Amino acid sequence: MNAHVQRVGTAAAPAPGEVLLSVDNVSLSFGGVKAIEDVSFDIRKGEIRAIIGPNGAGKTSMLNVINGFYHPQQGTITFKGRVRQAMRPHEAAVSGIARTFQNIALFKGMSTLDNIMTGRGMKMKRNLFWQALWAGPAEREELEHREAVEKVIDFLEIEHIRRTPVGSLPYGLQKRVELGRALAAEPDLLLLDEPMAGMNLEEKEDMSRFVLDVNEQYGTTIALIEHDMGVVMDLSDRVVVLDYGKKIADGTPDEVRNSQDVIDAYLGVPHE
Amino acid sequence: MSPAFLNLIETVLNGLMTGVMYSLVALGFVLIFKASGIFNFAQGVMALFAALTLVGLQTGQIPFSHLINAVFGTDIHNWGDGMPAVFAVIGTMFVMIALAFLVQKFVLRHLVNQEPIILFMATIGLAFFLEGLGDLMWGSDVKVLDVGVPSGGSFWWEDVTREWAAEGSDYYGMYIDKLDVVAAIVAIVLVAALTLFSQYTKMGRALRAVADDHQAALSVGISLHTIWLVVWSIAGFVALVAGIMWGAKSGVQFSLSLIALKALPVLILGGFTSIPGAIVGGLIIGVGEKLAELYIGPLVGGAIENWFAYMVALAFLLFRPQGLFGERIIERV
């Protein structure tokens, strides 16, 4: 966790190359419905990887698999060089995967500060006994983590809503708080599920800037799902395209843009 | 002041303190409901079980002695003279934590993601199991619980209030049970401690997080199983406090588990998800039923206290189902 703090100073992200996470031949079905069929791709350290596709293509299911919410029936997930066993979702978080949700999943009754503090939760080691007393070491630890959270708050420019219950915030700001909570965990891999959905142009530009800054300043590897093609093409290093649960393209934004399969998937193929 | 007015004050005070006792039970329900969406039918029996265990430890009863005697033909009942109240309370707390662990391990863990009604049925089963276990372990006789909490009417308060009455009236002074006062203080301390814990500690924050959104809580690395264990332990602790207060007031007997029924109207009034709601709901029910007894009772032949709370609850269900403080449930269709 200290490595992260050091990285803040060095502005450059590590050169993409080493594979951080690889998805191999993953299939996932619910009853008879095949959500994901035999999909393989990888995410390299330091890159921004976009996952796109029409509605119902299995993008969110894919994130849920990576994040441990769903257990695929077939295939393997290798994260940081280790093949992963079926795990409980909170273990994925502990191993260094943080995420945001398509339909914001914040703790609505809690303040911005408290929401982001929950992101630090698994880094706090003091046990229940000390916390119950809120004494000595536990208090010091709480303050240390408060400092880390304040940095995230500064970074995302949300100082003014520090004490506001997030339920009462406008949509765009809620999205930002959710990103903050994920960042506070200092993840190795950050999953963003439609971070710009429902935003106006200005908010989208802000959010894009934050995503890029996170990637460059903190060197965080990012996988994002997004529908706005302009955003996707601008932000991402590589794009994987899903359609009906199958992978139909994988490559740089330019390659993907010119792929006939992708164009067909989005515009439809005329019936013969 | 006229005796009638003093009577009113006395009734309200007693109502408030009865209300606090109801709130203590309701609090246990709210804690578990908020964190896991389970309506824990066994909360009342947990209070009974805690009180039984406390008395058993304090008086040095051997658990399951009836069973052991019946099977092995022995005649054992006690080991020594028991232990001081303080140790017995601590011991009981450990038993309640162990109970929370077992419930988590053998019941809830296997019912994750099930319908609320199934979890509710499981807690009904748990209630019957615990009641039987309590009987088997400690026997079914009515026990006296004495942990050194003062009880009985306060003469000092009687003397003070007698002075308030108009000169020459035959007012005897107000009756207030010292036990009720202690219970009120304990409840206030308990709520304050729970509030501080949930506001200013990591575990408290995690509890609130889980109460708010399971999925999001998982995504930041909070283990639901750990949280549920903690919540059930805290609910066990609240049950212990309620068990001590109710046990000291009316003896430790199996009808104690029925106080859970009185907590229902409190919850309907206050909302199932609100700790302040449980407190205020309890106070309103407590004061309401005492006042109803005083003013409406004579018109209908008395005993209004027994059903007044349920009538209030019924009215609330008709006109404000989410209670005074509960979150309004809006279903998107």
Side-chain angles (χ1 to χ4, degrees), chain A residues 63-64 67-69 87-111 113-135 138-139 141-142 145 165-167 178 181-185 187 191 193, chain B residues 34-35 90 93-94 97 100-101 109 112-113 189-190 192-234 237 271 273-277 325-330 332:
Chain A
L63 279 203
N64 283 340
N67 170 240
F69 281 163
M87 53 159 61
R88 297 203 213 98
H90 79 267
E91 291 167 346
V94 173
S95 76
I97 299 178
R99 74 172 286 182
T100 66
F101 295 84
Q102 195 173 345
N103 311 306
I104 304 174
L106 283 169
F107 310 121
K108 296 212 181 345
M110 291 162 50
S111 68
L113 194 61
D114 274 350
N115 264 281
I116 300 181
M117 275 301 268
T118 60
R120 301 291 303 180
M122 58 199 167
K123 300 207 175 290
M124 297 172 74
K125 298 285 181 287
R126 295 295 160 188
N127 64 25
L128 195 56
F129 175 72
W130 286 109
Q131 289 168 34
L133 296 175
W134 207 64
E139 186 176 348
E141 189 181 38
E142 178 90 9
H145 288 283
V166 295
E178 206 191 12
R181 186 182 63 193
L183 282 182
L191 309 174
D193 195 349
Chain B
K34 258 183 94 86
I90 294 171
M93 193 51 231
F94 277 110
I97 291 174
F101 179 77
R109 188 174 284 255
V112 172
N113 285 338
V189 171
L190 188 68
L194 283 175
T195 310
L196 287 177
F197 174 74
S198 81
Q199 289 298 324
Y200 296 109
T201 66
K202 170 199 163 196
M203 187 56 79
R205 213 158 28 229
L207 288 182
R208 282 186 291 147
V210 169
D212 227 325
D213 193 322
H214 283 188
Q215 208 188 24
L218 287 170
S219 85
V220 292
I222 295 169
S223 157
L224 288 187
H225 293 303
T226 311
I227 293 299
W228 286 346
L229 178 60
V230 171
V231 170
W232 277 76
S233 299
I234 295 175
F237 177 66
T273 51
S274 165
I275 288 178
F325 299 88
E327 294 149 27
R328 181 170 210 148
I329 299 156
I330 301 166
R332 224 199 252 237

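In what follows, chains carry the letters A, B, and so on, assigned in the order in which the sequence lines appear, proteins first and then strands, with residues in each chain numbered from 1. Model, not experiment: these values are computed from the prediction.
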- Query: Rounded to the nearest 0.5 Å, how far does OG of B:Ser219 lie from CZ of A:Arg99?
  - Reply: 7.0 Å
- Message: With rounding to the nearest 0.5 angstrom, report the NZ to CZ distance, B:Lys202 to A:Arg120.
- Response: 11.5 Å
- Message: I'd like to check B:Arg205 versus A:Phe107 (side-chain heavy atoms, cut-off strictly below 4.5 Å). Are they in contact?
- Response: no
- Query: Can you say whether B:Ala193 sits under 4.5 Å from chain A via the side chain, the backbone, both, or neither, judging by heavy atoms?
  - Reply: neither
- Okay, B:Ala206 and chain A: the region with an atom under 4.5 Å from a heavy atom over there is neither
- What are the two closest heavy atoms between B:Asp212 and A:Gly109, and how far apart are they? OD2-N, 3.0 Å
- Excluding sequence neighbours, so at least two apart, what forms side chain to side chain donor-acceptor pair (under 3.5 Å) with A:Ser95? none
- Quick one: pull up CG in A:Asn115 and CG in B:Asp213 and give me the separation to the nearest 0.5 Å. 10.0 Å
- Crowded around A:Phe101 CZ? As in, over 12 foreign heavy atoms under 6.0 Å? yes
- Task: Rounded to the nearest 0.5 Å, what's the gap from CG on A:Asn103 to CD on B:Gln215? Could you check?
- Result: 9.0 Å
- Listed by chain and number, what are the side chain to side chain donor-acceptor pair (under 3.5 Å) partners of A:Asp114, not counting sequence neighbours? B:Arg208
- Message: As an exercise: rank A:Asn67, A:Leu106, A:Thr100, A:Thr118 by heavy-atom pairs under 4.5 Å with chain B and give me the winner.
- Response: A:Thr118
